[in-house]
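One structure is given below, encoded as structure tokens.
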2 protein chains.
Amino acid sequence: MRWEELDREPCSLARTLSVVGDRWTLLVLRECFLRVRRFEEFEQRLGIARHVLADRLKKLSDAGVLEKVPYQERPRREEYRLTEKGLALYPVLQALLDWGDAYMSGSEGPPIIRRHKSCGHAMHAVQTCSECGEPFGARDIVAELGPGAQGEMLPSGIASPKGSTAK
Amino acid sequence: MRWEELDREPCSLARTLSVVGDRWTLLVLRECFLRVRRFEEFEQRLGIARHVLADRLKKLSDAGVLEKVPYQERPRREEYRLTEKGLALYPVLQALLDWGDAYMSGSEGPPIIRRHKSCGHAMHAVQTCSECGEPFGARDIVAELGPGAQGEMLPSGIASPKGSTAK
DNA sequence: TTGACAGGTTCCGTTTCGGAACCCATTCTA
DNA sequence: TAGAATGGGTTCCGAAACGGAACCTGTCAA
């Protein structure tokens, strides 16, 4: 596959990466979740080249992840805000953050801690099964072809809908 | 910040992206979780340029996410396997997959479904608080400076350890 | 009239990527 | 015993993306 065709791949991961999978996009979104909204502030906090920032903000807006909302007229100025679709990326950031906290923190510990408003504790994310509520890891899941599948998507030895599960 | 210095940023997200944040790495890891292990199979399934693949596999091995294990001698052949550190990236892939299923699937539905071995249901991931077990979203969390913090990391208006919480 | 501010766009030189060709040790096949 | 196949790369070239700096565009204040 080529990079520009990622969004047409029959794979939700590839399609997601076609939106957030390049060099700066997830860092821009980190700032969005920290309530950064204006061009200059993104630029200052990230140290990103201006035209690259402009490109990323445009692509995220086109994808419906951010929206431009005017905050003054004359001269017209607009800021970038997360949409619901953008807010739904929070678990992605959480998962990246948790892995970094666990494997990339120095001896001092993580640079930022997250506090759960309702219970008041410093926390990290635990992924649980939407159906039974139990925590799970890579070894607890099998992949199967779904309704939107096409062609040879799973390597040999992996379960298909009607086949047997992989050993 | 510049891209080559990402791993020295005081931010777990930036540090994680220094390992998995470039064009092909997460797709390579998707294949790893589908039990793809050999150079040729990565190449065929991804359609990635060979030297880019070689570079990504080397970087992931250097980072301790994959390890090369010999599967035959004479001629010596090695395959790439996820380490525990690599397996710990599963929540990242899950989160990306869930967002793609929710926002990037066509009318047919998601191309791959995940089945939870222990409960038997097709499932997606739900992130819950490690402390109280409740599901949470972006609006339920506040960020605070942690032990590894340095300098101006949070935008004005965001809580610091001793300050008040952001509105 | 000049300067500042916010939000870009343009230009240029350096990296990275995509695609194809080539390399190398070993084993299989004719 | 020659030649092809296999698996895992490396090398080379032109195209695309990036980093940095300069420039542009409304509007308002001094």
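Each chain gets a letter, A, B and so on, in the order its sequence line appears, and its residues count up from 1.
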Whole angstroms only, please: what is the NE2-C1' distance between B:His51 and C:dG19? 9 Å
Worked check of side chain to side chain contact (heavy atoms under 4.5 Å, CB included) between B:Glu78 and B:Phe39: CA-CA 9 Å; B:Glu78 296 173 302; B:Phe39 194 92; over 6 Å; no
At a heavy-atom distance below 4.0 Å, what parts of residues 6-15 of chain B sit against DNA chain D? none
Identify, between A:Trp3 and A:Arg38, the residue whose nearest nucleotide on DNA chain C lies closer to the 5' end. A:Arg38
Spell out, as yes or no, whether a donor-acceptor pair under 3.5 Å connects the side chain of A:Lys117 to the backbone of B:Arg139. yes
Roughly, in whole Å, what's the span from CZ in A:Arg23 to P in C:dT14? 17 Å
From CG of B:Asp22 over to P of C:dT16, roughly how many Å is that when rounded to an integer? 10 Å
Could you check whether B:Glu78 gets within reach of a base, just the sugar-phosphate, or nothing at all, counting any heavy atom under 4.0 Å? sugar-phosphate
Mind calculating the distance between CD (A:Glu4) and C1' (C:dT16) to the nearest angstrom? 14 Å
One pair to check against salt bridge (Lys or Arg N to Asp or Glu O under 4.0 Å): B:Glu5 and B:Arg2. What are the steps and the verdict? CA-CA 6 Å; B:Glu5 298 169 4; B:Arg2 277 179 294 287; 3.0 Å; yes
Short side-chain N/O contact from B:Trp24 to OP1 or OP2 of C:dG18, under 4.0 Å: yes
Keeping the roles fixed (side chain from B:Ser130, backbone from A:Met123), state whether a donor-acceptor pair exists under 3.5 Å. no
May I ask you to decide if A:Gly64's main-chain N or O and A:Thr83's side chain share a donor-acceptor pair within less than 3.5 Å? yes
Looking for any heavy atom pair under 4.0 Å, which part of the strands does B:Tyr71 touch: base, sugar-phosphate only, or nothing? sugar-phosphate
Is it true that a side-chain atom of B:Ser18 and a backbone atom of B:Leu6 form a donor plus acceptor pair closer than 3.5 Å? no
Could you state the atom-to-atom distance from CD of A:Glu79 to P of C:dA6 in whole Å? 13 Å
Determine, for B:Tyr71 and B:Arg38, whether the Lys NZ or Arg CZ falls below 6.0 Å from the six-membered ring centre while staying within 45 degrees of the axis. yes
First encountered from the 5' end of DNA chain C, between B:Arg56 and A:Glu41: A:Glu41
Give one of base, sugar-phosphate or nothing for A:Tyr80, where a contact means two heavy atoms less than 4.0 Å apart. sugar-phosphate
For A:Arg77 and A:Ile48, take the nucleotide of DNA chain D holding the closest heavy atom to each; which residue's nucleotide lies nearer the 5' end? A:Ile48
Roughly how many Å is it from CZ in B:Arg74 to C1' in C:dC28, rounded to a whole number? 16 Å
Have a look at B:Lys68 and say if it touches a base, only the backbone sugar-phosphate, or nothing, with a 4.0 Å heavy-atom cut-off. sugar-phosphate
Base, sugar-phosphate, or nothing for A:Arg76, non-hydrogen atoms under 4.0 angstrom? nothing
Between C:dG8 atom P and A:Phe42 atom CZ, what is the distance in whole Å? 11 Å
Can you check whether A:His124's main-chain N or O pairs, donor with acceptor, with A:Asp98's side chain at less than 3.5 Å? no
Can a donor-acceptor pair under 3.5 Å be found between the side-chain atoms of A:Arg50 and the base atoms of C:dG8? yes
Sub-3.5 Å donor-acceptor pair from the side chain of B:Thr16 to the main-chain atoms of B:Ser12, do we have one? yes
Relative to the ring of B:Phe33, is the ring of B:Tyr90 parallel (under 30°), tilted (30 to 60°) or perpendicular (over 60°)? tilted
Note: chain A reaches DNA chain D at heavy-atom distances under 4.0 Å over the stretch, first to last nt, 5' to 3', of D:dC18 to D:dC28
For atom CG of A:Asp55 and atom P of C:dG7, their distance in whole Å: 18 Å
